[in-house]
Amino acid sequence: MKKSGGAADKKRVRRSSGAVTNASRDLNSDTPPRKQAAKKDVFQLFAEKVRDHKDLVSRWAVLQETRVEYFRGKDFVSFLKNHSEVKDILESNNNLEVEEIANTLLSKNLLVRCDRVVKTVRPGKKKLSTWPAHLEIFPDQVFSENDAFFAWAFVKRRPLWQTLLSLSWPVLTLAICMFPVYPHRCKLLILYSCAGLLLLILSLLSLRATVFGVLYLILGKRVWFFPNILAEEATLGELFRFWPNKDEEERPKWTTRLFYALVAVLVILLLRHHAPDEAARARYQKRMSNIIDEVLEWSPSLALSGMMEKQPTVVNTTEPSNFTDSGKTDSEKEPPADDEGGETILEQHEDEETENIEDTDQHQHQHQHQDHI
């Protein structure tokens with residue numbers, strides 16, 4: 001009996017302890033859902049931190065008609081080796097290997113493994129492009145270091161300055177439309193600023209092309225300073241990058257360089273021969289200056305005054321003009337336009353002149369006939 005009672009007491013103790021542990025688990029599960037959610041978002045924070053880090057080399061490319069930012073697998077490995085402190089964001093998962101972290105990012109759809117579209121070496125090049133401009137999704141979504149590319153699959157948070165810049169575009173558009181009503185000094189300032197900026201761009205492009213042509217003809221090297229200045233798909237940092245890319249193409253033959261040199265000399269001689277003279281340049285300059293002066297000197301007050309001067313005076317035709325008719329004599333009144341029998345004084349004078357001419361011609365003809373007899 002004691003044994004049975006002791007066994008029953010032990011079961012009760014076990015049940016009560018189990019209930020306490022279950023209650024504690026329920027309390028723990030109810031209270032910290034935010035912590036669990038934070039743990040789920042740890043890799044999201046890690047991906048945002050790595051993407052914003054300047055030491056991870058990345059480029060932009062087109063993936064299925066969408067611009068994406070991507071990096072190479074070997075660059076990701078070297079980045080985490082040199083910046084191991086970034087793993088602290090992962091908290092309990094900071095001991096994971098680089099491959100495991102990358103595979104987790106792939107499983108959470110934070111990364112997408114891509115492959116180059118063009119897989120053959122183009123004519124004239126020694127190897128494939130280091131950073132391809134067009135990508136496609138790789139079928140096997142597993143991390144690899146060997147010639148593997150990975151694109152970020154989440155939308156990057158826009159900084160505050162980009163938001164303010166996007167809001168300023170409508171204001172800038174309205175300011176451009178309101179240019180004709182600006183004061184004269186503001187017009188001059190905008191005109192000279194735009195002309196200076198345009199001159200700077202054209203000078204930069206001309207100098208860039210000249211340096212490329214000289215180095216290509218003399219040394220056979222393709223050197224483009226500001227290589228991305230005319231690129232359609234480039235970030236602001238890549239757009240103003242000064243140093244040229246590495247020339248991966250074969251060195252041109254001396255016959256090709258000689259041919260291009262002769263073509264360049266011929267083009268320069270033709271342009272110099274057909275250049276406009278001083279008179280033509282002066283006429284063109286005068287014409288352009290007149291157009292610019294019209295734009296700068298235009299103002300709403302002058303436009304309104306000119307419109308008021310050109311507006312004809314309105315006469316009320318419903319009221320009889322007794323005052324004007326009474327001031328004229330019978331000889332000064334003009335016949336109505338519908339009266340076919342009426343003739344003006346000018347028409348009568350012309351008829352008299354034609355009759356006098358015909359009479360004089362007849363008299364001269366009679367005198368000649370008598371003299372002949």
Exercise. Please walk me through it: do Arg251 and Arg257 pass side chain to side chain contact (heavy atoms under 4.5 Å, CB included)?
Worked result: CA-CA 10 Å; Arg251 187 175 181 179; Arg257 290 152 53 192; 4.1 Å; yes
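- Each of Ile137 and Leu106 belongs to its own hydrophobic cluster when Ile, Leu, Val, Met, Phe, Trp and Tyr are linked at side-chain heavy-atom distances under 4.5 angstrom.
- What you find for Phe43 and Leu105 is that their closest heavy atoms are O-CD2, 3.8 Å.
- At a threshold of 4.5 Å between non-hydrogen side-chain atoms, the residues Asn103 and Val142 count as touching.
- Each of Leu110, Val86, Asp88, Asn93 was compared with Phe46 under the side chain to side chain contact (heavy atoms under 4.5 Å, CB included) criterion, and only Val86 meets it.
- The shortest distance between side-chain heavy atoms of Arg51 and Leu56 does not fall below 4.5 Å.
- For the pair Arg113 and Tyr70, the cation-pi criterion (under 6.0 Å, within 45° of the ring axis) is not fulfilled.
- How far CG of Leu80 is from CD1 of Ile101: 6.0 Å, rounded to the nearest 0.5 Å.
- No donor-acceptor pair under 3.5 Å is formed between the side chain of Lys87 and the backbone N or O of Asn95.
- Tracing side-chain contacts under 4.5 Å through hydrophobic residues (I, L, V, M, F, W, Y), one reaches Val42 starting from Leu96; they form part of the same cluster.
- Heavy-atom contacts from other residues, nucleotides or ligands closer than 6.0 Å to NE2 of His53 number more than 12.
- Interatomic distance, Leu202 CG to Leu207 CG, rounded to the nearest 0.5 Å: 12.5 Å.
- Between the CG atom in Leu258 and the CG atom in Leu217 there is a gap of 9.5 Å [rounded to 0.5 Å].
- With contacts defined as side-chain heavy-atom distances shorter than 4.5 Å, the pair Thr104/Ser107 qualifies.
- Residues Ile268 and Val214 do not share a hydrophobic cluster, clusters being chains of Ile/Leu/Val/Met/Phe/Trp/Tyr side chains in contact below 4.5 Å.
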For this session: Please test Gln64 against Val68 for side chain to side chain contact (heavy atoms under 4.5 Å, CB included), starting from the C-alpha separation and ending with a verdict.
Result: CA-CA 10 Å; Gln64 295 181 351; Val68 294; over 6 Å; no
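- Not a single donor-acceptor pair under 3.5 Å links the side chain of His273 to the backbone N or O of Leu269.
- Screening Phe149, Trp131, Trp152 against Phe71 for a ring-ring contact (aromatic ring centres under 6.0 Å, His included) leaves a single residue, Trp152.
- Judged by distance alone, the side chain of Asn94 and the main-chain N or O of Leu90 form no donor-acceptor pair under 3.5 Å.
- Cluster membership check: Val263 does not share its hydrophobic cluster with Trp254, using side-chain heavy-atom separations under 4.5 Å among Ile, Leu, Val, Met, Phe, Trp and Tyr.
- Residues Phe226 and Arg208 approach most closely at O-NE, 3.2 Å, considering heavy atoms.
- Between Arg116 and Val118, the closest heavy-atom pair is CD-O, 3.1 Å.
- Leu266 is not listed as a side-chain neighbour of Leu262, based on a closest heavy-atom distance of 4.5 Å or more.
- Counting only heavy atoms from C-beta outward, the side chains of Lys187 and Phe179 approach each other to under 4.5 Å.
- A 4.5 Å side-chain heavy-atom check between Val77 and Phe143 finds at least one atom pair inside the cut-off.
- More than 12 heavy atoms of other shown residues, nucleotides or ligands fall within 6.0 angstrom of atom CD in Glu85.
- Put simply, CD1 on Ile89 and CD on Glu48 are 9.5 Å apart, with the number rounded to the nearest 0.5 Å.
- Counting all heavy atoms, side chain and backbone alike, Phe154 lies closest to Ala47 at CE2-CB, 3.7 Å.
- No donor-acceptor pair under 3.5 Å is formed between the side chain of Thr256 and the backbone N or O of Pro252.
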Problem set entry | CA sep, side-chain torsions, deciding dist, call: Arg281, Glu278, salt bridge (charged side-chain N to carboxylate O under 4.0 Å, His left out) | CA-CA 5 Å; Arg281 284 196 294 268; Glu278 284 294 332; 2.5 Å; yes
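- Here the shortest heavy-atom pairing between Ala61 and Pro132 reads CB-O, 3.7 Å.
- Under 4.0 Å is where a charged nitrogen must lie from a carboxylate oxygen, and between Lys156 and Asp52 at least one such pair does.
- The shortest non-hydrogen separation linking Ala153 to Val112 is CB-CG2, 3.7 Å.
- The hydrophobic cluster containing Leu160, built from Ile/Leu/Val/Met/Phe/Trp/Tyr side-chain heavy atoms closer than 4.5 Å, also comprises Leu164.
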Determine all donor-acceptor pairs shorter than 3.5 Å in which one atom belongs to a side chain in residues 167-175; sequence neighbours excluded.
residue, atom, partner, partner atom, Å
Ser168, OG, Leu165, O, 2.6
Thr173, OG1, Trp169, O, 2.9

For this session: In sequence, state the C-alpha distance, the side-chain angles, and the governing distance for Leu204 and Phe225, and then conclude on side chain to side chain contact (heavy atoms under 4.5 Å, CB included).
Result: CA-CA 10 Å; Leu204 178 63; Phe225 293 101; over 6 Å; no
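- From Arg122, atom CZ reaches atom NZ of Lys127 across 15.0 Å, with rounding to the nearest 0.5 Å.
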For this session: Under the salt bridge (charged side-chain N to carboxylate O under 4.0 Å, His left out) rule, what do Glu69 and Arg59 come out as? Steps first, then yes or no, please.
Result: CA-CA 6 Å; Glu69 185 180 5; Arg59 294 289 188 274; over 6 Å; no
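- A salt bridge links Lys119 to Glu136: at least one charged side-chain nitrogen sits closer than 4.0 Å to a carboxylate oxygen.
- Within the 3.5 Å criterion, the main-chain N or O of Phe138 finds a donor-acceptor partner in the side chain of Gln141.
- Looking only at side-chain heavy atoms (C-beta outward), Phe150 and Cys114 stay at 4.5 Å or farther from each other.
- By the criterion of side-chain heavy atoms lying less than 4.5 angstrom apart, applied directly or through intervening Ile, Leu, Val, Met, Phe, Trp or Tyr residues, Leu230 is not grouped with Leu198; the two fall into different hydrophobic clusters.
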For this session: May I have the step-by-step check of side chain to side chain contact (heavy atoms under 4.5 Å, CB included) for Ile190 and Cys194, ending in yes or no?
Result: CA-CA 6 Å; Ile190 295 172; Cys194 295; 4.0 Å; yes
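- In terms of modelled atom types and a separation under 3.5 Å, the side chain of Ser84 and the main chain of Lys81 share no donor-acceptor contact.
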